[in-house]
**Q** 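A single structure is presented below for examination.
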Amino acid sequence: MSPAMQPDDPGAEQPFVSHLIELRDRLIRMSIAILVVFLALFPFANAIYTFVAAPLMAQLPEGNTMIATQVAAPFLTPFKLALIAAVFLSMPYLLYQFWGFIAPGLYKHEKRLATPLLISSILLFYVGVAFAYLLVFPLIFAFLSAATPDGVAMMTDISAYLDFVLALFFAFGIAFEIPIATILLVAVGITTPADLVRVRPYVIVGAFVVGMLLTPPDVISQTLLAVPMWLLFELGIVFSKVLVRERAKAEDEDPDPDASGNAFSSARSGPEGPAGGSTPSGVAPRPGTPVAAREIGRDLDPHFDAPDRWQPLSESEMEAELDLIEANEILEAPRHPAPDTVQAAQAAIPKGAPAINSVEEKIRRANRLRELGSSFAARTVLYEVLEEGDADQRRVARNILSQLDEP
């Protein structure tokens, strides 16, 4: 985000327009990066095409060459290849910009999981493209050259060849992402290594079907795509077992104090969440959460079931919080209420509930009231913050009040 768009309060929620402005700025940087790399590659566009066409040229019969059947193809085809190569070479920087946009919205444990997967996915895509160029292309073109009928000159159009090799590059690059997909499925709790082993026969058949759909209609290219997909699936199972074993070891060293949890709570990895607000201590996870959801939560965060972890309020607990706020407002009013009013307010306070003494607690409760649509009660609490809080807390209160004023 540009410095001009930074709000006074760094912990305040950013407006939607500021996110669009940041996305625009990052897209501009990505476009500039692609343009700079393209301008550097364009003078060598013909040499790059010759390099990409080398596997086919090596298999053509003596005297045969590639041809251009369209008038502008000798210029547009290398131009297209240079542009695609610019995107390909700029991919690390493009993903860095994409990561910089979404990272502020992720929690620490999500960043720890996403960073190695992002880096490994880039490397595996490049490995898949290199595998196709160095191993698959020579075998495919040798087979196609040998299968050419007598009396037919094999003279491939340069545009058709480029479309063909780009499709194979994309197919093999995506196929080599299978280990990443497998690890992600296990990490989020959708499946387990044992389930993956049980579906192995179906995966093998599916790999050959995908190879048939993504490659030319010959057995060699289909096999050269299906077999690596199967082997990469097996590699993903191995790494998934290692991941599960490491998590089991971590749970043994730091056992969960409570078997229940809420997978849809705010996944905070420390005493403060993404917005910087402190969490109340001593709040134990509530029972009743599905077992699968608890498993997902513990997989993503070893401290998922910790007793000091913040949990969202249920509807009944939220009603109790509102009753507590209204009762404290009555008790803390400057006027002298009637005795029956005081007794009613005291009766509305849950037994053992603390009074609203902390300014930070008032800010949090004002936010809860705003989310429930109780603007009047939220304003009352925020006015108290303006009287009692320090400069930062008053700035946060004014920010929330301005949001309440918005239509």
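When a residue number appears, it is its place in the shown sequence, counting from 1.
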**Q** Within the distance-only criterion (no hydrogens, no angle test), does the side chain of N64 pair as donor or acceptor with the backbone N or O of M155 below 3.5 angstrom?
**A**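 Not at all, since once roles are kept as given, no pair shorter than 3.5 Å links the two residues.
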**Q** Could you tell me whether a side-chain N or O of S145 sits under 3.5 Å from a main-chain N or O of Q59, the two making a donor and an acceptor?
**A**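 A pair under 3.5 Å: yes.
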**Q** Which value, rounded to the nearest 0.5 Å, describes the distance between L118 atom CG and Y96 atom OH?
**A** 12.5 Å
**Q** Only distances under 3.5 Å count here; give the side-chain donor-acceptor pairs of residues 44-55 to other protein atoms, sequence neighbours excluded, each with its distance to 0.1 Å.
**A**
from	atom 1	to	atom 2	distance (Å)
Y49	OH	I158	O	2.7
T50	OG1	N46	O	2.9

**Q** In terms of relative ring orientation, are F125 and F88 parallel, tilted or perpendicular, with 30° and 60° separating the classes?
**A**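 Rings of F125 and F88: tilted, as their planes differ by 30° to 60°.
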**Q** What distance separates L168 CG from F137 CZ, expressed to the nearest 0.5 Å?
**A**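 Going from the CG atom of L168 to the CZ atom of F137 covers 5.0 Å.
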**Q** Side-chain contact, heavy-atom cut-off 4.5 Å: V227 with L231?
**A**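 They are in side-chain contact.
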**Q** Examine distances only and state if a side-chain atom of Q393 and a backbone atom of D390 form a donor-acceptor pair shorter than 3.5 Å.
**A**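 Such a contact is found between Q393 side chain and D390 backbone.
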**Q** To the closest 0.5 Å, what do you measure between CG (L23) and CE (M30)?
**A**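 If I round to the nearest 0.5 Å, the distance is 9.0 Å.
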**Q** Ignoring hydrogens and angles, state whether a donor on the side chain of T182 or S240 is under 3.5 Å from an acceptor on the partner side chain.
**A** no
**Q** Which of these passes side chain to side chain contact (heavy atoms under 4.5 Å, CB included) with I237: V197, V186, I183, V242?
**A**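 Answer after filtering V197, V186, I183, V242: V197.
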**Q** What about the rings of F79 and F38, do their centers lie closer together than 6.0 Å?
**A** yes
**Q** Which salt bridge (charged side-chain N to carboxylate O under 4.0 Å, His left out) pairs, counting each pair once, include a residue from residues 222-235, with sequence neighbours left out?
**A** R200-E234
**Q** Does any non-hydrogen side-chain atom of F101 lie less than 4.5 Å from one of Q97?
**A** no
**Q** Can you name the one residue among I84, L89, L81, V36 that meets side chain to side chain contact (heavy atoms under 4.5 Å, CB included) with L41?
**A**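 Exactly one option meets the side chain to side chain contact (heavy atoms under 4.5 Å, CB included) with L41, and it is L89.
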**Q** Looking at CZ of F98 and CG of L95, how far apart are the two atoms once the value is rounded to the nearest 0.5 Å?
**A**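 It comes to 8.0 Å.
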**Q** Just wondering, do F239 and L243 contact through their side chains at under 4.5 Å, heavy atoms?
**A** no
**Q** Between atom NZ of K80 and atom OG of S159, what is the distance when rounded to the nearest 0.5 Å?
**A**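 These two atoms lie 7.5 Å from each other.
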**Q** Hey, could you give me each pair passing salt bridge (charged side-chain N to carboxylate O under 4.0 Å, His left out) that has a residue in residues 31-53? Not counting sequence neighbours.
**A** none
**Q** Would you call W230 and F208 a side-chain contact if the rule is heavy atoms closer than 4.5 Å?
**A** no
